[in-house]
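Values in this document were obtained by computation on a predicted structure and should not be read as measured data. In what follows, every chain begins at residue 1, and chains take the letters A, B, ... in the order their sequences are listed.
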Amino acid sequence: MSTERYNPRDTEPRWQQAWTEKRAFEARHDPSRPKYYVLEMFPYPSGRIHMGHVRNYTMGDVLARYRRALGYNVLHPMGWDAFGMPAENAAIERGVHPKSWTYDNIAAMRGQLKSLGLSLDWSREFATCDPSYYRHEQEMFVDFIKAGLVERKVSMVNWDPVDQTVLANEQVIDGRGWRSGALVEKRELAQWFLKISDYSEELLTALDDLKTWPEKVRLMQANWIGRSEGMRFAFTLEDDNGKQVGDKLTVYTTRHDTIFGASFCALSADHPLVRELEPALPGLAEFRREVAALGTSEESIERAEKKGFPLKLYARHPFRPEVRLPVYAANFVLMGYGEGAIFGCPAHDQRDLDFARKYGLPVIPVVAPKGTDPSQFAVGDEAFLEKEDDQTVLINSDFLDGMTVPEAKEAIARRMETAGMGERKVNFRLRDWGVSRQRYWGCPIPVIHCGKCGVVPVPKKDLPVTLPEDVTFDRPGNPLLHHPTWKDTTCPSCGGKARRETDTFDTFIDSSWYFARFCSPQAPIPVDRAEAKYWMPVDQYIGGVEHAILHLLYSRFYARAMTLTGHLDLKEPFASLFTQGMVVHETFRTAAGEWVLPAEVARAGEGYVHARTGEKITTGGIEKMSKSKKNVVDPEAIIERYGADTARWFVLSDTPPERDIEWTENGVEGAFRFVQRVWRLVADIQQKGASPGTKAPAGIAGDALELRRTTHLAVQAMTEDLGALRFNRGIARIYELANALQAALQKNDLDDGMRFALREAGEAFVVLMAPMMPHLAEECWQVLGHKTLVVDRPWPKADPALTVSDEVTIAVQVNGKRRDEIRLPKGLPNAKVEAAVLALDNVKRALDGKPVRKVVVVMDRIANVVSG
RNA sequence: GCCUCUGUGGCGGAAUGGUAGACGCGGCAGACUCAAAAUCUGUUGCUCGCAAGGGCGUGGGGGUUCGAGUCCCUCCAGGGGCACCA
């Protein structure tokens, strides 16, 4: 037995180099082989990898290596989601140029990822901030414009008046700018939009076909798209004196059945009619300002009170000419949805009810449980909402009385359609995708504004529009706008003086097609169709749930948009999706409440102290690793101390991959101990087992046969587990096999059968663990006397003759309680099992003389004796 | 508020409606050692019992079934998503 300890610091770089020299992971288009494209969400180059990356990329790597061993032509690329605000923040705070900051970070992170031993095709690497990448993004955008997928429209942004800059929603904290602390205003700005809402229906229905996506993600997307079926119809309006005014008021509703319960109409504060009335109605301007200000404040914490402003207009009820509904501007009606106007039915909508109570409007119930006396049914402070299984009918509703809600909806829809008053309408919650960002570190939007010709796309021959490098961050606002010359250009159409668009793209655009670019990263066009046809779709995409909606929905839209413009030929980019859980860790803090890094904490009896100061440390909750709470463990330090294989093994062990995993010191040490144990085991096997290539001797029986069975069962189980991404279970199989090997090695005087079984088990053991601990596996493979590499080794196949046994253990129950077990030949007929079971002493005792009513036998599994 | 997922030993977690707790962590005991670490062996859901052998047990309650961690109803707790979408 070897007494040497396994030293990952020595072996890991060696094997990484061996793989690189062999170009083992470079993928080449080969139509004769089945392909497998495994992709993990590419990282933002923050400068250091974190444990979340380790977990994400290890999972992908296990799949890539496993599929490779199965004979697939595997594509497993890596790149950088390199545009974004942190680079600009670094520029502002530390005076580093975003470009050098980004590329330095990439270099650092690339090194860290390489030390993990990932089977990545680095020859396909790119960063989204490379002009050679984003030029294609610009080209496609120009094509999107031509295809009618792009729109320029006015939209509200969060404006920081001190920093003179536009803020993302997450930069607005309690209504104030995160940096300046100034009260954030809403401003209207002309911006670029991609018309994702054209695909609302399509993106929704196609979710049904994404069968290997997590149900949760599909649901989240479906909710986000938010399809609803309703009606659009118009009210005639009149003024205070009952005189009809020119405008009609169009509203959208999904509860047209409740029309007889209507008691008011409400318009969004941004509704065109409200804007029109503003000058004429004193106080309305202020009301509108108030509503606008509310949008950015902490209203999400406490629901804002329903407020309205009477517009001195009245809507004539379509079926009750004698009823006039007062019209309000209201703070709870959204301009961006439906018509920006509603009718309020307080009895059956909580918001409408709150509003009606505040302004003393009538509350007329029109839906009630079946059999309720309409004159007795009243609504208090809670709106009556019909539940799906409720037996409800319409009341107080003229020709609808007695109908169920669906019947009433249908009746109203018919009546309105025939009368030409309105029509059925499907609405979606999903809005168009605003892609303009008033930032420097992003892909320039390739359009030119000309005084004469309007907006003109940059001709493709002039692409890319590159970012100027001589920019300064010493004053607030967009450096592109401040740049002395960059924006000055000539109009491609008329040749006159013109101005470049100074907005850049939302970085979600960069990540909406990178997976396609990986198929042909050097191509002179965005995507080489032949390459994409072979490699796409991504067979297995892996990332965090936090991207369940935006990134994945945008990518699905982009695939369609690219297909429409001839850049791709598929609709769904990710055939299978897996969302892995986070890495969490206990939090530590001092008595003063300061967070302390786990690395600075030492155990002291039951509690913890600060490793340097000796100060008492208290533990807090187990939370997602975050810099702010300092509960982070640096992967580099872990790799330095234990090696990459230990880190990889740990993040795969124990916890199912979709759940959050708790990082613990004990766990890592356990993983490291196992690495050492494998090392000793393999050395022992090499010494005691048969030599490599030895044929199976005849007549293997007893313990040797059992070991062979265990081996082949492990192969079978591992194959199933990895195929289903059940890494934690796969690891348990490896432990089981290790335990079996260790037990077998205890014995002395090993016969040829056992020596063969040890060799077979040992080699299978190494190959099975290789996807998870690739370096250790290579090193062990050598110890086992091989000159080849494990990465070139095919995945083992289980011999069916060894995975089935001719005897089975059958559990014996009496009245559903387990009383005994019995070994019987496999496939024994039920009658014989019954007889054998009834003869058992334990069964007789449990029956205690009671007569047997029947015996339930499930072949090879269980027998249940039921007594009277 | 609506929509969702999850509740199993001290802990992470296994378990096609068929022997609950695989495997790991931790604990306990032993071997080796002058000793410790490392390693190896055994043991480890709770409980009654000297033992043989019982009883209880998958968040609570109910149901379906010969049999429920698993299916159905209901309640409770925790996590996630959306949050004035009419």
Quiz prompt | Heavy-atom side-chain proximity of A:Trp649 to A:Ile734 below 4.5 angstrom | solution = yes
Practice problem: Check the distance between B:U41's C1' and A:Asn739's CG and give it to me in whole angstrom. | Solution: 13 Å
Quiz prompt | Per A:Leu219 side chain, nearest of listed nucleotides B:C66, B:C40, B:U4 | solution = B:U4
Quiz item: So, A:Trp433 versus A:Phe508, ring centres under 6.0 angstrom or not?
Solution: no
Self-check item: Below 4.0 Å: OP1/OP2 of B:G18 and any side-chain N or O of A:Arg818
Solution: no
Quiz item: Hey, does A:Val837 have a side-chain heavy atom less than 4.5 Å from the side chain of A:Val843?
Solution: yes
Exercise. Once you apply the 3.5 Å cut-off to both distances, tell me the Watson-Crick or G-U wobble partner of B:U58, or none.
Key: none
Quiz prompt | For B:A29, the Watson-Crick or wobble counterpart (both distances under 3.5 Å) | solution = B:U41
Quiz item: Roughly how many Å is it from CZ in A:Phe650 to C1' in B:G13, rounded to a whole number?
Solution: 13 Å
Exercise. State whether A:Arg861 places a side-chain N or O below 4.0 Å from either non-bridging phosphate oxygen (OP1 or OP2) of B:G67.
Key: no
Self-check item: A:Asp703 and A:Lys747 ion-paired at < 4.0 Å
Solution: yes
Exercise. Rounded to the nearest angstrom, tell me the gap between atom CE in A:Met772 and atom P in B:G24.
Key: 15 Å
Practice problem: Let me know the distance between CG of A:Asp349 and C1' of B:G1, rounded to the nearest Å. | Solution: 12 Å
Quiz item: What distance, rounded to whole Å, do you find between the two C1' atoms, one in B:A77 and one in B:C71?
Solution: 22 Å
Practice problem: Take atom P in B:C23 and the same atom in B:G42, then report the distance between them in whole Å. | Solution: 12 Å
Exercise. Taking atom P in both B:G57 and B:A68, compute the distance separating them and give it to the nearest angstrom.
Key: 12 Å
Practice problem: Please measure how far the C1' atom in B:G49 lies from the corresponding atom in B:A35, and state the result in whole Å. | Solution: 40 Å
Quiz item: Which base, if any, makes a Watson-Crick or G-U wobble pair with B:C66, both distances under 3.5 Å?
Solution: B:G18
Practice problem: Could you please name the option among B:A83, B:C84, B:G67 that lies closest to any side-chain atom of A:Trp224? | Solution: B:A83
Quiz item: Are OP1 or OP2 of B:A86 and a side-chain N or O of A:Ser228 less than 4.0 angstrom apart?
Solution: yes
Quiz prompt | Given RNA chain B, 5'-ward residue of the pair A:Val865 and A:Glu339, judged by closest heavy atom | solution = A:Val865
Quiz item: Does a side chain donor of either A:Thr809 or A:Arg823 reach within less than 3.5 Å of an acceptor in the other side chain?
Solution: yes
Quiz item: In whole Å, what is the span from the CZ atom of A:Arg677 to the C1' atom of B:U41?
Solution: 12 Å
Exercise. Please state how far atom CZ in A:Arg232 lies from atom C1' in B:A86, giving the value in whole angstrom units.
Key: 15 Å
Practice problem: Report which part of the nucleic acid A:Thr655 touches: base, sugar-phosphate, or nothing (heavy-atom distance under 4.0 Å, all strands). | Solution: sugar-phosphate
Self-check item: Which nucleotide in B:C25, B:U41, B:A86 has an atom nearest any side-chain atom of A:Arg673
Solution: B:C25
Quiz item: Between B:U39 and A:Gln742, is there an OP1 or OP2 to side-chain N/O distance shorter than 4.0 Å?
Solution: no
Quiz item: Mind checking the C1' distance from B:A22 to B:G12? Whole angstroms is fine.
Solution: 13 Å
Quiz item: Where the side chain of A:Gln746 is concerned, which of B:A86, B:U19, B:U41 is the nearest nucleotide?
Solution: B:U41
Quiz item: In the strands shown, is B:C84 matched to any nucleotide by a Watson-Crick or G-U wobble pair with both distances under 3.5 Å, and which?
Solution: none
Self-check item: Distance in angstrom units between A:Asn815 CG and B:A68 P, rounded
Solution: 12 Å
Self-check item: Non-hydrogen side-chain atoms of A:Met231 and A:Met416 separated by less than 4.5 Å
Solution: yes
Quiz item: Base, sugar-phosphate, or nothing for A:Arg659, non-hydrogen atoms under 4.0 angstrom?
Solution: sugar-phosphate
Exercise. Have a look at A:Val855 and say if it touches a base, only the backbone sugar-phosphate, or nothing, with a 4.0 Å heavy-atom cut-off.
Key: nothing
Exercise. Select base, sugar-phosphate, or nothing to describe what A:Glu736 touches, counting heavy atoms under 4.0 Å on all strands.
Key: sugar-phosphate
Practice problem: Tell me what A:Glu669 touches on the nucleic acid: a base, only sugar-phosphate, or nothing, going by heavy atoms under 4.0 Å. | Solution: nothing
Practice problem: Determine whether the side chains of A:Arg556 and A:Gln221 contain a donor N or O and an acceptor N or O closer than 3.5 Å. | Solution: yes
Quiz item: Regarding A:Tyr359 and A:Ser263, is there a side-chain donor-to-acceptor distance under 3.5 Å anywhere?
Solution: no
Quiz prompt | Identified pairing partner of B:A77, criterion: Watson-Crick or G-U wobble below 3.5 Å | solution = B:U6
Quiz item: Distance between the C1' atoms of B:G59 and B:U6, in whole angstroms?
Solution: 11 Å
Practice problem: Take A:Val584 and A:Met625 through the test side-chain contact (heavy atoms from CB on, under 4.5 Å) and record every step on the way to the result. | Solution: CA-CA 5 Å; A:Val584 297; A:Met625 282 192 181; over 6 Å; no
Quiz item: Please give, in whole Å, the distance from B:C84 P to A:Arg431 CZ?
Solution: 10 Å
Practice problem: Using the side chain to side chain donor-acceptor pair (under 3.5 Å) rule, take A:Asn830 and A:Glu834 through it: C-alpha gap first, then chi angles, then the decisive distance, then the call. | Solution: CA-CA 6 Å; A:Asn830 288 2; A:Glu834 195 173 321; over 6 Å; no
Quiz item: Which value, in whole Å, describes the distance between the C1' atoms of nucleotides B:C50 and B:G61?
Solution: 40 Å
Quiz item: Which nucleotide, B:A22, B:G81, B:C40, lies nearest any side-chain atom of A:Ala732?
Solution: B:A22
Quiz item: Which comes earlier along RNA chain B counting from the 5' end, the contact point of A:Thr664 or that of A:Phe428, where each point is its nearest nucleotide?
Solution: A:Thr664
Self-check item: Whole-angstrom distance between B:G53 and B:U44, as gauged at atom P
Solution: 15 Å
Quiz prompt | Side-chain ion pair, A:Lys425 and A:Glu423, N-O less than 4.0 Å | solution = no
Exercise. Would you please classify the geometry between the A:Phe672 ring and the A:Tyr642 ring as parallel, tilted or perpendicular, with 30° and 60° separating the classes?
Key: perpendicular
Exercise. Could you tell me whether the side chain of A:Tyr328 reaches within less than 4.5 Å of the side chain of A:Leu267, counting heavy atoms only?
Key: no
Quick test: give all pairs of protein nitrogen or oxygen and nucleotides 69-78 of chain B nitrogen or oxygen below 3.5 Å, distance rounded to 0.1 Å.
none

Practice problem: Report the glycosidic orientation of B:G79: syn if within 90° of 0, anti in every other case. | Solution: anti
Taking only N/O atoms, report every protein-nucleotides 52-58 of chain B pair under 3.5 Å with atom names and distance.
from, atom 1, to, atom 2, distance (Å)
B:G53, O3', A:Arg845, NH1, 3.3
B:G55, OP1, A:Arg819, NH2, 3.4
B:C56, OP2, A:Lys817, NZ, 3.0

Exercise. Using only side-chain N and O atoms of A:Tyr735, determine if any of them is under 4.0 Å from OP1 or OP2 of B:A22.
Key: no
Self-check item: Polar pair under 3.5 Å, donor/acceptor by atom type, side chain A:Asn666, base B:C25
Solution: no
Quiz item: Taking OP1 and OP2 of B:A14, is either one under 4.0 Å from a side-chain nitrogen or oxygen of A:Asn728?
Solution: yes
Self-check item: Residue A:Asp654, side-chain atoms from C-beta onward, closest of B:G12, B:C84, B:G18
Solution: B:G12
